[in-house]
Every structure is written in structure tokens, then in C-alpha cells.
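One is the number of the first residue; the rest follow in order along the sequence. Atoms within a ligand are numbered from 1 in the order they appear, just like the ligands themselves.
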Amino acid sequence: MPEPLLSVKNLRVEYLTPSGPIRAVDDVSFDVAAGEVFGLAGESGCGKSTLALAALRLLPPPAVITGGEVWFEGEDILAMDDVALASFRWRKISLVFQSAMNALNPVLTVGAQICDVIEKHEGVSRSQALKRAAELLELMGIASSRLRSYPHQLSGGMRQRVVIAIALALKPPMMFMDEPTTALDVVVQQEIMQQIAALKRQLGFSILFITHDLSLMLEFSDRIGILYAGKLVELSRARQLFEAPRHPYTRGLMSSFPALRGPRRRLEGILGSPPDMSHPPAGCRFHPRCTEALPRCRAERPALLEVAPGAEVACHLYPEPARPA
Ligand code: SF4
């Protein structure tokens with residue numbers, strides 16, 4: 001893999017609650033290369049959004065980062081002071097939130113909201129910012145006359161495109177996209193994802209793509225990490241994951257979604273629910289739901305190991321490959 005642009009190393013995040021700390025992200029490590037789309041998938045509550053917000057230091061208390069490093073272009077984001085962090089965010093990594101209606105200010109025009117980002121970070125005049133805002137809207141396929149519209153005057157798809165235009169305003173080398181199309185119907189969802197893919201080819205940015213929709217992720221990601229109960233349980237190239245998912249949880253996730261292409265098949269899903277993170281199961285956290293659990297799975301936590309070139313899995317079904325003597 002080429003030199004990583006983003007490198008998350010052993011990240012740990014806890015929520016401090018009256019009944020004790022809850023570890024929502026537990027010792028997670030992965031890299032994202034320049035120009036790569038890295039997908040993070042898992043059920044709701046598995047730690048995807050917590051991880052992304054923690055990496056940008058946007059998590060409010062009672063969440064605390066209790067360990068790890070997040071490196072971007074040679075700087076540890078977790079070690080930056082507030083001034084460096086304010087200049088870093090949006091210029092280097094921008095964020096597309098889950099719900100455009102919540103991300104946009106309802107009492108400001110979309111033009112004012114795009115201009116705010118440009119003026120604050122680049123110190124240009126309002127007329128220069130407006131010119132750039134018009135270009136960004138056109139880039140997203142929205143007429144520049146819409147700069148004067150308020151969010152409620154736009155469709156859901158247009159609002160999400162405005163949020164993406166704001167994220168692109170400073171031409172960052174990386175965007176975090178947290179469920180960017182979840183609230184939209186499937187046709188608009190596909191249109192927006194294809195537009196993002198075309199913009200990525202044109203502008204060359206990397207994406208950390210977060211979703212619980214594995215079929216969408218398989219279509220748009222280069223590599224994918226699967227999170228379960230705060231732990232990374234599988235890490236693989238998207239094609240490898242599609243053709244040969246190894247972890248029983250990954251296989252369960254894949255059987256829970258209809259494939260975007262190919263013959264229709266029966267959806268099976270995963271038995272049970274994710275664990276109560278205040279008392280996660282011992283051993284493999286997936287063992288109460290796993291149909292392939294071994295006796296040792298109740299007590300021994302599997303480590304994430306490389307089981308094939310480019311494929312890492314945390315599961316006792318896959319023994320550690322023998323190392324050369
Ligand atoms: Fe299932 Fe055991 Fe693998 Fe966990 S380690 S996924 S319980 S087989």
C-alpha cells in the first residue's frame with residue numbers, strides 16, 4: 001500500500017457514564033491512502049460515527065479519547081493545539097453529516113452557508129466567496145440561482161448536494177462521509193454516490209465512507225473495515241470482501257442486504273442484537289450471535305491477523321499463518 005494519507009493507530013474512545021466508562025471504540029487501527037475510498041461498515045452503535053468524530057476531535061463530553069494516535073500528512077491530529085486544529089479542519093478533512101436538514105442552518109440561505117466557510121478560512125471578500133459558491137453549486141449540478149434559496153426550499157437530494165458542496169469548498173484532500181445518503185430514496189442515493197465518485201476522479205480526494213449499507217459500500221469503496229462492538233473484525237479490499245467474506249459477522253451483514261446486481265436471493269440477517277457495551281461479552285464479542293462459535297470463543301479474544309494478502313480477520317476460525325523461520 002502507498003504511504004498513507006490518514007493513519008489511525010490503536011484509537012480508543014470511551015463514554016464516561018455514572019455507571020462507569022463504556023468503550024465505544026476499542027484499539028482500532030487502519031490506514032487510508034491518497035485518493036482511496038475506505039469504507040467503515042457495521043450495525044448502528046458499532047462505533048463508526050464515534051470513530052470518525054473522535055478522529056476530528058469533534059466528540060463532545062462525556063466522550064473522551066483514552067488512547068491512540070490519528071496521523072494526517074505527518075501530523076498527529078490528537079496532539080494539535082486549538083489554533084492548529086481550527087485551521088486543519090475543513091481545509092484538510094471536511095465532513096458530510098448524516099442528515100442535510102440538521103447540518104444546514106434553516107434561517108440562512110445556502111449561499112450564505114457556503115460563503116461562511118470560504119470567508120472564514122480564506123479571508124476573501126463576500127463577492128469572491130459568492131463566485132466560488134456559485135461554481136461549487138454548479139459542480140454539484142445545482143443552478144447557481146439557488147444560492148438565494150433556504151434549505152426548506154430545496155428537495156432532500158439538493159440539500160445533500162449543498163452539504164457536499166460545503167465540504168468541497170476548500171478543496172480538502174480528504175472527506176469523511178457519515179451515512180451521506182441514508183435519508184434519501186434509492187434513485188437519488190445512486191445519483192449522489194455516482195456524482196461523488198465522478199468528483200473524486202476529477203479532484204482526487206480520499207474518502208472515509210461510513211454506512212451500515214454494505215451493498216452500497218461494496219460498490220463505492222476500495223477497501224473496507226468491518227466494525228463490531230467497537231472492534232475492527234475484518235479489513236479487506238472491497239472486491240475480496242464481496243467475493244470471499246471471512247468473518248461470520250461480515251457474512252451475516254452481507255446476507256442482510258439485497259445485492260445491487262445479480263439474482264434475487266433470500267435475506268437471512270443476523271440473530272440477536274449487538275451487545276450492551278457497558279458489559280460486552282468476554283472472548284469474541286460476537287460469540288453470543290455466532291452460529292460457528294468454538295468453545296474457545298467464549299474466553300479468548302481473537303486478534304486481527306493477516307490471513308491472506310490484503311485481508312485481515314479477527315476470528316478463531318482462521319489460524320495465524322505460520323511465520324517464516
Ligand atoms: Fe464466531 Fe468465534 Fe469467529 Fe467470534 S471468533 S466470529 S465467535 S467463530
* By number and element, which atoms of ligand 1 are closer than 4.0 Å to a non-hydrogen atom of His247? -> 6 (S)

Salt bridge between [X] and [Y], side-chain N to carboxylate O under 4.0 Å?
X: Arg161; Y: Glu191; answer: yes
X: Asp27; Y: Arg301; answer: no
X: Arg223; Y: Glu36; answer: yes
X: Arg239; Y: Asp222; answer: no

* Asked: Side chain of Arg57, backbone of Met80: donor and acceptor closer than 3.5 Å?
  -> yes

* Relative to atom 2 (Fe) of ligand 1, how many protein N, O or S atoms have a separation of less than 2.8 Å? -> 1

* Asked: With side chains defined as the heavy atoms from C-beta onward, is the minimum distance between Phe72 and Glu75 less than 4.5 Å?
  ->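 Sidechains of Glu75 and Phe72: no contact.
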
